[in-house]
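Remember, predicted model here, so these are calculated numbers, not experimental data.
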Amino acid sequence: MPSFAIDFEDAVFPELATSARALAMGNAYVAKADDASAVYYNPAGLGTVRKTHFHLSNFHMEFNKGWIDNSTRGSVLDVFPEMMDAFSLEGQRKSLVKNKGTISHQRFHFLPNFTTRYFSLGYLLSKRTRATIGTEAGASFEYADRRDHGPYAALNISLFGGVFKIGGSATYLNRKEIVGESDANTEYNENPDEIKKGAAVIVVAGAKLTLPITFLPTLAVKMNNAFDQKFSEGSTNGAPTDVLNSMDVGFSLTPQIGKVVRMHLEANYKDISSEYDGVATNRKLTFGIEFDIARKFFIRAGYGDGWGSAGLGIKSQKLEFDLTTYAVDTTSNEFRGEEDRRFALSFSYGL
(Lines give C-alpha, C1' and ligand atoms only; values in the text may rest on other atoms or scores of the structure.)
Protein backbone atom coordinates (compact mmCIF):
# COMPACT_ATOMS: atom_id res chain seq x y z
CA MET A 1 0.00 0.00 0.00
CA PRO A 2 1.52 3.38 -0.95
CA SER A 3 2.32 5.80 1.84
CA PHE A 4 1.52 9.28 0.56
CA ALA A 5 3.10 12.49 1.82
CA ILE A 6 0.38 15.15 1.77
CA ASP A 7 2.59 18.20 1.43
CA PHE A 8 3.68 20.58 -1.31
CA GLU A 9 7.00 19.18 -2.70
CA ASP A 10 8.76 22.46 -1.91
CA ALA A 11 12.27 20.96 -2.03
CA VAL A 12 12.20 20.11 -5.75
CA PHE A 13 9.48 22.62 -6.75
CA PRO A 14 10.13 25.66 -4.51
CA GLU A 15 8.75 28.31 -6.89
CA LEU A 16 5.73 30.30 -5.71
CA ALA A 17 4.43 30.11 -9.30
CA THR A 18 5.56 27.25 -11.53
CA SER A 19 5.92 27.36 -15.30
CA ALA A 20 4.58 24.61 -17.60
CA ARG A 21 7.64 25.26 -19.76
CA ALA A 22 9.98 24.61 -16.84
CA LEU A 23 8.01 21.59 -15.61
CA ALA A 24 8.32 19.98 -19.07
CA MET A 25 12.10 20.28 -18.61
CA GLY A 26 12.08 18.49 -15.26
CA ASN A 27 11.89 21.91 -13.55
CA ALA A 28 15.53 22.40 -14.56
CA TYR A 29 15.18 26.06 -15.43
CA VAL A 30 17.46 28.11 -13.18
CA ALA A 31 19.91 28.89 -16.01
CA LYS A 32 17.35 29.17 -18.83
CA ALA A 33 14.71 31.41 -17.23
CA ASP A 34 14.20 34.13 -19.84
CA ASP A 35 10.52 35.08 -19.55
CA ALA A 36 8.06 36.36 -16.94
CA SER A 37 8.54 33.21 -14.84
CA ALA A 38 12.15 34.33 -14.17
CA VAL A 39 10.67 36.31 -11.25
CA TYR A 40 10.53 33.05 -9.27
CA TYR A 41 12.95 30.76 -11.17
CA ASN A 42 15.87 33.21 -11.33
CA PRO A 43 15.40 37.00 -11.54
CA ALA A 44 18.82 37.29 -13.19
CA GLY A 45 17.13 35.80 -16.25
CA LEU A 46 15.14 39.00 -16.81
CA GLY A 47 18.28 40.29 -18.50
CA THR A 48 17.61 37.88 -21.39
CA VAL A 49 13.93 38.74 -21.91
CA ARG A 50 13.65 39.45 -25.63
CA LYS A 51 10.48 41.56 -25.89
CA THR A 52 8.31 43.71 -23.66
CA HIS A 53 4.85 42.34 -22.93
CA PHE A 54 1.80 43.16 -20.87
CA HIS A 55 -0.22 40.01 -20.20
CA LEU A 56 -3.36 40.07 -18.07
CA SER A 57 -4.38 36.46 -18.77
CA ASN A 58 -1.27 34.64 -17.58
CA PHE A 59 -2.99 31.47 -16.32
CA HIS A 60 -1.62 28.08 -15.26
CA MET A 61 -3.62 25.02 -14.24
CA GLU A 62 -2.70 21.42 -13.57
CA PHE A 63 -4.32 18.20 -12.40
CA ASN A 64 -2.91 14.81 -11.61
CA LYS A 65 -4.01 11.47 -13.03
CA GLY A 66 -5.82 10.63 -9.78
CA TRP A 67 -7.97 13.78 -9.91
CA ILE A 68 -8.81 13.22 -13.58
CA ASP A 69 -9.62 9.52 -13.15
CA ASN A 70 -11.69 10.06 -10.01
CA SER A 71 -13.73 12.97 -11.36
CA THR A 72 -14.48 11.52 -14.80
CA ARG A 73 -15.75 8.07 -13.82
CA GLY A 74 -19.39 7.13 -14.21
CA SER A 75 -21.90 8.02 -16.90
CA VAL A 76 -21.40 10.86 -19.37
CA LEU A 77 -24.15 12.84 -17.62
CA ASP A 78 -22.28 12.60 -14.32
CA VAL A 79 -18.87 13.72 -15.59
CA PHE A 80 -19.41 17.50 -15.68
CA PRO A 81 -21.01 17.84 -12.21
CA GLU A 82 -18.40 15.45 -10.76
CA MET A 83 -15.58 17.56 -12.19
CA MET A 84 -17.09 20.83 -10.94
CA ASP A 85 -17.58 19.30 -7.49
CA ALA A 86 -13.98 18.03 -7.41
CA PHE A 87 -12.60 21.58 -7.24
CA SER A 88 -13.57 21.74 -3.55
CA LEU A 89 -12.15 19.70 -0.68
CA GLU A 90 -15.59 18.25 0.05
CA GLY A 91 -15.93 17.24 -3.59
CA GLN A 92 -12.54 15.56 -3.46
CA ARG A 93 -13.52 13.73 -0.28
CA LYS A 94 -16.64 12.33 -1.94
CA SER A 95 -14.63 11.27 -4.97
CA LEU A 96 -11.84 9.70 -2.91
CA VAL A 97 -14.29 7.70 -0.77
CA LYS A 98 -15.15 5.82 -3.98
CA ASN A 99 -11.49 5.60 -5.06
CA LYS A 100 -9.46 4.92 -1.93
CA GLY A 101 -5.71 4.57 -2.23
CA THR A 102 -5.38 7.34 -4.83
CA ILE A 103 -4.20 10.89 -4.46
CA SER A 104 -5.91 14.00 -5.82
CA HIS A 105 -3.91 17.08 -6.83
CA GLN A 106 -4.84 20.38 -8.45
CA ARG A 107 -3.01 23.66 -8.84
CA PHE A 108 -3.93 27.01 -10.34
CA HIS A 109 -2.21 30.32 -10.53
CA PHE A 110 -2.98 33.61 -12.19
CA LEU A 111 -0.03 35.94 -12.80
CA PRO A 112 -0.95 39.15 -14.67
CA ASN A 113 2.25 41.06 -15.33
CA PHE A 114 4.17 43.69 -17.23
CA THR A 115 7.60 42.34 -18.14
CA THR A 116 10.44 43.90 -20.08
CA ARG A 117 14.17 43.38 -20.14
CA TYR A 118 15.54 44.12 -16.66
CA PHE A 119 12.12 44.65 -14.99
CA SER A 120 8.85 42.90 -14.13
CA LEU A 121 5.79 44.00 -12.15
CA GLY A 122 2.72 41.87 -11.43
CA TYR A 123 0.36 40.15 -9.02
CA LEU A 124 0.33 36.51 -7.91
CA LEU A 125 -2.82 34.50 -7.16
CA SER A 126 -2.16 30.82 -6.46
CA LYS A 127 -4.05 27.81 -5.07
CA ARG A 128 -2.77 24.27 -4.49
CA THR A 129 -4.73 21.33 -3.11
CA ARG A 130 -3.78 17.71 -2.39
CA ALA A 131 -5.86 15.00 -0.72
CA THR A 132 -6.07 11.25 -0.22
CA ILE A 133 -7.91 8.50 1.66
CA GLY A 134 -5.95 5.34 2.42
CA THR A 135 -7.17 1.81 1.80
CA GLU A 136 -6.86 0.58 5.38
CA ALA A 137 -9.96 0.25 7.56
CA GLY A 138 -10.89 3.53 9.23
CA ALA A 139 -8.52 5.60 7.07
CA SER A 140 -8.99 9.36 7.40
CA PHE A 141 -9.47 11.98 4.71
CA GLU A 142 -6.06 13.71 4.57
CA TYR A 143 -5.73 17.08 2.86
CA ALA A 144 -3.50 20.10 2.30
CA ASP A 145 -4.71 23.38 0.84
CA ARG A 146 -2.55 26.47 0.27
CA ARG A 147 -3.61 29.85 -1.10
CA ASP A 148 -1.07 32.57 -1.88
CA HIS A 149 -1.55 36.08 -3.22
CA GLY A 150 0.31 39.36 -3.36
CA PRO A 151 2.02 41.96 -5.58
CA TYR A 152 5.58 41.55 -6.77
CA ALA A 153 8.36 43.51 -8.47
CA ALA A 154 11.64 42.32 -9.93
CA LEU A 155 14.82 43.97 -11.21
CA ASN A 156 17.90 42.81 -13.09
CA ILE A 157 21.35 44.28 -13.70
CA SER A 158 23.58 43.05 -16.54
CA LEU A 159 27.33 43.63 -16.38
CA PHE A 160 30.28 43.16 -18.74
CA GLY A 161 28.12 43.21 -21.85
CA GLY A 162 25.61 40.77 -20.41
CA VAL A 163 28.18 38.13 -19.43
CA PHE A 164 27.24 38.43 -15.75
CA LYS A 165 23.71 39.12 -14.57
CA ILE A 166 22.22 39.54 -11.11
CA GLY A 167 18.60 40.04 -10.16
CA GLY A 168 16.06 39.96 -7.41
CA SER A 169 12.31 39.86 -6.93
CA ALA A 170 10.20 40.77 -3.91
CA THR A 171 6.66 39.50 -3.30
CA TYR A 172 4.44 40.72 -0.49
CA LEU A 173 3.03 37.25 0.05
CA ASN A 174 -0.19 36.58 1.92
CA ARG A 175 -0.64 32.89 2.70
CA LYS A 176 -3.61 30.89 3.97
CA GLU A 177 -2.93 27.24 4.65
CA ILE A 178 -4.87 24.23 5.90
CA VAL A 179 -3.24 20.85 6.50
CA GLY A 180 -5.13 18.18 8.40
CA GLU A 181 -7.38 15.16 8.37
CA SER A 182 -11.00 14.34 9.13
CA ASP A 183 -13.45 11.43 9.11
CA ALA A 184 -13.58 10.11 5.55
CA ASN A 185 -17.30 9.35 5.81
CA THR A 186 -18.39 12.71 7.22
CA GLU A 187 -19.03 15.83 5.15
CA TYR A 188 -15.98 18.08 5.19
CA ASN A 189 -16.41 21.61 6.48
CA GLU A 190 -13.49 23.96 6.84
CA ASN A 191 -12.39 23.98 10.46
CA PRO A 192 -11.33 27.46 11.65
CA ASP A 193 -8.98 25.81 14.15
CA GLU A 194 -6.90 24.42 11.26
CA ILE A 195 -6.50 27.65 9.31
CA LYS A 196 -3.09 29.32 9.46
CA LYS A 197 -2.60 32.76 7.95
CA GLY A 198 0.32 35.12 7.63
CA ALA A 199 2.21 37.57 5.44
CA ALA A 200 5.87 38.11 4.59
CA VAL A 201 8.06 39.82 2.02
CA ILE A 202 9.66 36.95 0.10
CA VAL A 203 12.78 37.85 -1.87
CA VAL A 204 14.19 35.59 -4.59
CA ALA A 205 17.76 36.46 -5.64
CA GLY A 206 19.82 35.04 -8.47
CA ALA A 207 22.89 35.33 -10.65
CA LYS A 208 24.00 34.02 -14.05
CA LEU A 209 27.41 33.83 -15.71
CA THR A 210 27.32 33.16 -19.47
CA LEU A 211 30.62 32.72 -21.28
CA PRO A 212 30.58 34.25 -24.80
CA ILE A 213 31.98 31.13 -26.47
CA THR A 214 30.59 28.19 -28.42
CA PHE A 215 27.43 26.67 -26.86
CA LEU A 216 27.13 29.61 -24.41
CA PRO A 217 27.96 27.66 -21.23
CA THR A 218 26.01 29.20 -18.34
CA LEU A 219 26.37 28.83 -14.59
CA ALA A 220 23.44 30.00 -12.47
CA VAL A 221 22.43 30.17 -8.83
CA LYS A 222 19.12 31.11 -7.24
CA MET A 223 18.24 31.63 -3.58
CA ASN A 224 14.66 31.27 -2.38
CA ASN A 225 13.55 33.59 0.43
CA ALA A 226 17.00 35.16 0.37
CA PHE A 227 16.50 37.10 3.63
CA ASP A 228 14.91 34.14 5.44
CA GLN A 229 11.71 36.03 6.28
CA LYS A 230 9.10 34.35 8.48
CA PHE A 231 5.35 34.67 8.07
CA SER A 232 3.54 36.80 10.58
CA GLU A 233 0.85 35.09 12.65
CA GLY A 234 -2.38 36.25 11.06
CA SER A 235 -4.52 33.75 12.95
CA THR A 236 -4.76 32.35 16.47
CA ASN A 237 -3.52 29.00 15.13
CA GLY A 238 -0.08 30.32 14.29
CA ALA A 239 1.74 31.14 11.08
CA PRO A 240 1.61 29.07 7.87
CA THR A 241 4.56 27.05 6.58
CA ASP A 242 7.56 29.29 5.94
CA VAL A 243 9.34 29.51 2.60
CA LEU A 244 12.74 28.04 3.40
CA ASN A 245 16.00 29.79 2.55
CA SER A 246 17.07 27.12 0.05
CA MET A 247 19.50 27.44 -2.86
CA ASP A 248 19.31 25.94 -6.37
CA VAL A 249 22.20 25.81 -8.85
CA GLY A 250 22.25 25.11 -12.57
CA PHE A 251 24.47 24.63 -15.60
CA SER A 252 23.40 24.83 -19.23
CA LEU A 253 24.62 24.64 -22.83
CA THR A 254 22.77 26.12 -25.81
CA PRO A 255 24.12 24.88 -29.16
CA GLN A 256 22.74 26.18 -32.45
CA ILE A 257 21.51 23.46 -34.84
CA GLY A 258 21.18 24.82 -38.34
CA LYS A 259 19.75 28.25 -39.04
CA VAL A 260 16.46 28.13 -37.10
CA VAL A 261 16.85 25.46 -34.39
CA ARG A 262 18.51 25.96 -31.02
CA MET A 263 18.88 23.24 -28.42
CA HIS A 264 19.08 24.02 -24.72
CA LEU A 265 20.49 21.44 -22.29
CA GLU A 266 20.31 22.06 -18.55
CA ALA A 267 21.05 20.33 -15.25
CA ASN A 268 19.96 21.66 -11.83
CA TYR A 269 20.63 20.63 -8.28
CA LYS A 270 17.72 21.69 -6.09
CA ASP A 271 18.15 22.66 -2.46
CA ILE A 272 21.93 22.29 -2.53
CA SER A 273 21.95 23.78 0.98
CA SER A 274 19.78 20.86 2.29
CA GLU A 275 17.19 23.01 4.01
CA TYR A 276 14.51 20.35 3.48
CA ASP A 277 14.95 17.26 5.65
CA GLY A 278 14.52 13.72 4.45
CA VAL A 279 14.58 14.30 0.69
CA ALA A 280 16.87 11.87 -1.15
CA THR A 281 19.76 13.55 -3.00
CA ASN A 282 18.95 11.88 -6.31
CA ARG A 283 15.45 13.39 -6.20
CA LYS A 284 16.99 16.87 -6.23
CA LEU A 285 18.89 16.31 -9.50
CA THR A 286 16.85 17.57 -12.45
CA PHE A 287 17.62 17.63 -16.18
CA GLY A 288 15.94 19.28 -19.15
CA ILE A 289 16.20 19.70 -22.90
CA GLU A 290 14.39 22.16 -25.16
CA PHE A 291 14.35 22.43 -28.95
CA ASP A 292 13.56 25.99 -30.00
CA ILE A 293 12.31 26.17 -33.59
CA ALA A 294 12.43 29.72 -34.98
CA ARG A 295 11.66 31.03 -31.46
CA LYS A 296 8.02 30.12 -32.06
CA PHE A 297 7.64 26.36 -31.56
CA PHE A 298 9.15 24.33 -28.73
CA ILE A 299 9.62 20.63 -27.97
CA ARG A 300 10.73 19.76 -24.44
CA ALA A 301 11.64 16.78 -22.27
CA GLY A 302 13.13 16.34 -18.85
CA TYR A 303 13.73 14.37 -15.69
CA GLY A 304 12.84 15.63 -12.21
CA ASP A 305 12.04 14.14 -8.80
CA GLY A 306 12.90 10.72 -10.25
CA TRP A 307 10.40 10.81 -13.15
CA GLY A 308 10.23 11.85 -16.79
CA SER A 309 8.50 14.92 -18.23
CA ALA A 310 7.66 16.30 -21.67
CA GLY A 311 5.85 19.19 -23.30
CA LEU A 312 5.08 21.34 -26.32
CA GLY A 313 4.91 25.11 -26.59
CA ILE A 314 3.94 27.95 -28.93
CA LYS A 315 5.10 31.51 -28.42
CA SER A 316 4.50 34.85 -30.10
CA GLN A 317 4.44 38.47 -28.97
CA LYS A 318 0.79 38.20 -27.92
CA LEU A 319 0.34 34.49 -27.14
CA GLU A 320 2.17 31.89 -25.07
CA PHE A 321 0.69 28.39 -24.83
CA ASP A 322 2.30 25.34 -23.21
CA LEU A 323 1.14 21.75 -22.60
CA THR A 324 3.13 19.60 -20.18
CA THR A 325 3.15 16.28 -18.39
CA TYR A 326 5.46 15.71 -15.42
CA ALA A 327 5.46 13.64 -12.25
CA VAL A 328 6.48 13.83 -8.60
CA ASP A 329 7.25 11.18 -6.03
CA THR A 330 4.37 10.91 -3.56
CA THR A 331 6.45 9.30 -0.82
CA SER A 332 8.18 11.44 1.75
CA ASN A 333 11.82 10.62 1.09
CA GLU A 334 12.18 7.56 -1.14
CA PHE A 335 13.53 7.61 -4.68
CA ARG A 336 11.01 6.46 -7.29
CA GLY A 337 8.56 5.34 -4.62
CA GLU A 338 5.09 6.08 -6.08
CA GLU A 339 4.58 8.15 -9.22
CA ASP A 340 2.07 11.01 -9.20
CA ARG A 341 1.64 11.84 -12.90
CA ARG A 342 0.38 15.36 -13.64
CA PHE A 343 -0.81 17.33 -16.65
CA ALA A 344 -0.39 21.10 -16.92
CA LEU A 345 -1.51 23.86 -19.24
CA SER A 346 -0.27 27.45 -19.29
CA PHE A 347 -1.93 30.17 -21.33
CA SER A 348 -0.95 33.81 -21.57
CA TYR A 349 -2.32 36.48 -23.88
CA GLY A 350 -1.73 40.20 -24.06
CA LEU A 351 0.19 42.99 -25.72
Side-chain angles (χ1 to χ4, degrees), residues 15 17-60 111-120 122 154 156 158 161-163 165 167 206 208-220 250-268 286-302 309-326 344-351:
E15 294 76 24
T18 51
S19 159
R21 180 185 182 188
L23 293 172
M25 298 168 62
N27 217 40
Y29 201 58
V30 173
K32 178 60 176 175
D34 61 357
D35 53 21
S37 66
V39 169
Y40 296 118
Y41 277 92
N42 188 350
L46 290 173
T48 52
V49 169
R50 293 182 61 82
K51 295 182 179 180
T52 298
H53 74 223
F54 178 52
H55 283 199
L56 288 177
S57 59
N58 193 340
F59 183 69
H60 173 95
L111 198 72
N113 68 90
F114 171 80
T115 298
T116 187
R117 182 168 292 190
Y118 311 127
F119 178 75
S120 184
N156 163 270
S158 294
V163 171
K165 303 177 182 70
K208 291 174 63 173
L209 174 66
T210 302
L211 301 181
I213 59 176
T214 304
F215 300 159
L216 299 175
T218 299
L219 290 168
F251 175 76
S252 71
L253 297 171
T254 309
Q256 183 80 29
I257 304 175
K259 293 183 178 181
V260 297
V261 179
R262 290 161 62 93
M263 179 173 65
H264 180 83
L265 299 163
E266 181 159 347
N268 285 183
T286 66
F287 305 92
I289 182 171
E290 178 182 74
F291 292 94
D292 175 344
I293 305 169
R295 300 190 185 278
K296 294 185 181 297
F297 305 101
F298 302 86
I299 301 171
R300 307 175 182 113
S309 58
L312 299 171
I314 300 172
K315 185 176 183 179
S316 69
Q317 174 67 20
K318 294 184 177 181
L319 173 69
E320 296 178 18
F321 181 80
D322 296 293
L323 286 173
T324 290
T325 178
Y326 77 105
L345 179 153
S346 287
F347 175 84
S348 182
Y349 185 81
L351 303 175

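Rounding to the nearest 0.5 Å places OG1 of Thr324 at 6.0 Å from CG of Leu23. Interatomic distance, OH of Tyr118 versus OG1 of Thr48, reported as 9.5 Å (0.5 Å rounding). Separation of atoms CD (Glu290) and CE (Met263) is listed at 11.5 Å; rounding is to 0.5 Å. Atom CE of residue Met25 and atom OG of residue Ser309 lie 9.0 Å apart, to the nearest 0.5 angstrom. In this structure, OG on Ser348 lies 6.5 Å from CG on Asn113, to the nearest 0.5 angstrom. With rounding to the nearest 0.5 Å, the separation of CG in Leu253 from OG1 in Thr218 is 8.0 Å.
Distance alone, capped at 3.5 Å, is enough to place a donor-acceptor pair between the Arg117 side chain and the Val49 backbone. Panel note: side chain Thr115, backbone Ser120; no donor-acceptor pair is recorded below 3.5 Å. Within the 3.5 Å criterion, the main-chain N or O of Ala22 finds no donor-acceptor partner in the side chain of Tyr41.
Residues Tyr40 and Glu15 share a closest heavy-atom pair of O-CG, 3.7 Å. Nearest heavy-atom pair, His53 versus Ala36, reported as atom, atom and distance to 0.1 Å: NE2-CB, 4.1 Å. Taking every heavy atom of both residues into account, Gly47 and Asn156 meet most closely at CA-OD1, 3.3 Å. Across all non-hydrogen atoms, the minimal contact from Lys165 to Ser158 is CG-OG, 3.5 Å. Taking each heavy atom of Ala154 and Val39 in turn, the nearest pair found is CB-CG2, 4.0 Å. Counting all heavy atoms, side chain and backbone alike, Ala220 lies closest to Ala31 at CB-CA, 3.7 Å.
Considering only heavy atoms from C-beta on, Phe297 comes within 4.5 Å of Ile314 through its side chain. You'll find the side chain of His264 stays beyond 4.5 Å of the side chain of Arg300, heavy atoms only.
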#### Entry: Audit row: Phe114, Thr116, side-chain contact (heavy atoms from CB on, under 4.5 Å) steps and yes/no
CA-CA 7 Å; Phe114 171 80; Thr116 187; 4.2 Å; yes
### Task
Any chance you could lay out the salt bridge (Lys or Arg N to Asp or Glu O under 4.0 Å) test for Arg21 and Asp35, step after step, and finish with the verdict?
CA-CA 10 Å; Arg21 180 185 182 188; Asp35 53 21; 3.2 Å; yes
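In this view, Phe347 and Ser57, Leu319, Phe321, Leu345, Tyr349 satisfy the side chain to side chain contact (heavy atoms under 4.5 Å, CB included) rule, not counting sequence neighbours. Residues satisfying the salt bridge (charged side-chain N to carboxylate O under 4.0 Å, His left out) criterion with Lys32, sequence neighbours excluded, are Asp34. Not a single side-chain hydrogen bond (donor to acceptor under 3.5 Å, both in side chains) links Asn58 to another residue, sequence neighbours left out. Applying the side chain to side chain contact (heavy atoms under 4.5 Å, CB included) test to Ala28 and every residue at least two apart in sequence or in another chain returns Glu266, Asn268, Thr286. Listed by chain and residue number, Phe54, Pro112 satisfy the side chain to side chain contact (heavy atoms under 4.5 Å, CB included) test with Leu56 (two or more places apart in sequence, or in another chain). A search for ring pair (Phe, Tyr, Trp, His ring centres under 6.0 Å) contacts involving His60 returns His109, not counting sequence neighbours.
Evaluated for a side chain to side chain contact (heavy atoms under 4.5 Å, CB included) with Phe298, the options Ile293, Asp322, Asp292, Leu312 yield exactly one hit, Asp292.
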